[in-house]
Amino acid sequence: GPETTGFLMLKLAIVVLLFAVIISLFSGLFFLIRDGGKTNRVVNSLAVRVSLSVLLLAVVLIALWTGDLTLNPTP
């Protein structure tokens, strides 16, 4: 069927990147509360989160462009 190994790996990569973004979000919140914004860890966490989000978007767009990922046309 359509559930090929490559497709499953692609879905896994997307899920892992999403979780990494969420983890980065909460670590940034944790550093903000713990350090009171006195250190650069919140900024670093934001940079990591933005980078991961851009990477995630790139993976999804490339997958759509190559046809490895298709949007569901039915409502």
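We use all heavy atoms of the structure for the numbers below, so side chains are in, but hydrogens, waters and symmetry mates are not.
Under the side chain to side chain contact (heavy atoms under 4.5 Å, CB included) criterion, T70 pairs with no residue, sequence neighbours left out. The side chain to side chain contact (heavy atoms under 4.5 Å, CB included) check on L64 picks up V60, L69, L71, with sequence neighbours excluded.
R34 CZ to T39 OG1: the interatomic distance, rounded to the nearest 0.5 Å, is 9.5 Å.
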Report, one line per pair, each donor and acceptor closer than 3.5 Å where one atom sits in a side chain of residues 12-26; sequence neighbours left out.
{"unit_1": "S24", "atom_1": "OG", "unit_2": "S45", "atom_2": "O", "d": "3.0"}

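Using a 4.5 Å heavy-atom cutoff, the side chains of V59 and L10 are in contact.
Hydrophobic cluster membership differs between V48 and L46, with clusters built from Ile, Leu, Val, Met, Phe, Trp and Tyr side chains linked at under 4.5 angstrom. Under the 4.5 Å side-chain heavy-atom criterion for ILVMFWY residues, a single connected hydrophobic cluster contains both F30 and L32.
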